[in-house]
Amino acid sequence: MFEFYKKGVKKVLSIGAHPDDADTSAGGLVMKLIEAGWDARFVSVTNGCSGTYHADVPPEELTLQRRAEAAASARLFGEGIRYDLLHHTDGRLMPTLEAREHLMRYIRRYSPDLIITNRPNDYHADHRNTSILVQDCSYLLTVPKLCEDTPAMEHMPVIIYWSDGFHNPPFRTDYIVPVTEEKVNLLAEHAACHECQYFDWMLWPDNLDRKKLPKEQLVEDLKARFRRSMSRQADEKREALIAKHGEAGKAVKYIEQYELCEFGADMTDEILAIIEKPE
């Protein structure tokens, strides 16, 4: 493990495989850090060019659309928040040396104190390989003789995984992040920015009739879906919330959950004081 220490403004980097992963999977935690004065950035390791069932849509056109949708989501987080798309082909991401060093340079330039990503076991190869790339970068971020054109970081970031429902091995809840209903609804609005995904691709093939619904109703349905999921998680973790927060734990309605990656720095009390606090 490496020492985690302050150096200027604190930064959180959420790394996803696709342009709708990094914000919708960790948005509540990121909102809390932004409110506490942190800078935040989102990145998609792939360009999003394959996320459609419309065979006639050129990949370049879809990439442009997804870049615009990611930028719209970033604006909801606040002024100056970036959402970058890297060049790797959606659906074909591999943990190659070229991809690792590309991501390593990107992370070094931003120099985050906290990285959030998905776990390395997942149904989607891009998700798995994004997580592997983050792990492969972890220690090497601080090694000056690698990628010498981009200065090595002077500290190791804390690395955590957002939650999932996979069972081999199962997700381990290390941190419970209480989230207000306002933030849950805003998280759904971030998802709604990714229209080509939530209002088209994810409806195929069994729910295409929903495309006829007004966008306002689709957004409200998304809010209800996010509330159900995050409320269910809070109920499942009620005993842990009460053990941690006493009476305040009984009132927590919505949560996100995270697991520590052992290849990063130790979690700090400073971060926990922000993300674990009931709102």
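Positions are given from 1, in the same order as the sequence printed here.
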**Study point:** Charged N-O contact under 4.0 Å between Arg238 and Asp235
**Key:** yes

Point to revise | Salt-bridge contact Lys211-Asp200 (side-chain N to carboxylate O under 4.0 Å) | key: yes

Review point. Just how far is it from atom CG of Leu85 to atom CD of Glu69, taken to the nearest 0.5 Å?
Key: 10.0 Å

Study note, to complete from the structure: Taken in chain and number order and not counting sequence neighbours, the residues that satisfy side-chain hydrogen bond (donor to acceptor under 3.5 Å, both in side chains) with Gln217 are none

Point to revise | Leu208-Val219 co-clustered via ILVMFWY side chain contacts under 4.5 Å | key: yes

Review point. What orientation do Tyr53 and Trp201 show, parallel under 30°, tilted 30 to 60°, or perpendicular over 60°?
Key: parallel

Check your understanding: Do NZ/NE/NH1/NH2 and the carboxylate oxygens of Lys32 and Glu35 come within less than 4.0 Å?
Key -> no

Check your understanding: Between Phe42 and Tyr83, what is the ring plane arrangement, given parallel below 30°, perpendicular above 60°, and tilted in between?
Key -> parallel

**Study point:** Reported CD-to-CD distance for the pair Glu182 and Glu279, which is rounded to 0.5 angstrom
**Key:** 9.0 Å

Point to revise | Residue pairs, two or more places apart or on separate chains, that pass salt bridge (Lys or Arg N to Asp or Glu O under 4.0 Å) and touch residues 85-99 | key: Arg66-Asp90

**Study point:** Shortest non-hydrogen contact from Ala70 toward Pro19
**Key:** CB-O, 4.2 Å

Exercise for review: Tell me, with the steps shown, if Leu13 and Tyr106 meet side-chain contact (heavy atoms from CB on, under 4.5 Å).
Suggested key: CA-CA 11 Å; Leu13 176 63; Tyr106 181 93; 4.1 Å; yes

Review point. Does some side-chain heavy atom of Arg100 sit less than 4.5 Å from a side-chain heavy atom of Met104?
Key: yes

Check your understanding: Is it true that the side chains of Ser73 and Asp23 contain a donor and an acceptor less than 3.5 Å apart?
Key -> yes

Review point. Only one of Leu93, Asp84, Thr117 clears side-chain contact (heavy atoms from CB on, under 4.5 Å) with Val45; which?
Key: Leu93

**Study point:** Pi-cation contact, Phe199 with Lys215 (under 6.0 Å, within 45°)
**Key:** no

Review point. Are the aromatic ring centres of Phe77 and His190 under 6.0 angstrom apart?
Key: yes

Check your understanding: Cut-off 3.5 Å, side chains only: do Asp20 and His194 have a donor facing an acceptor?
Key -> no

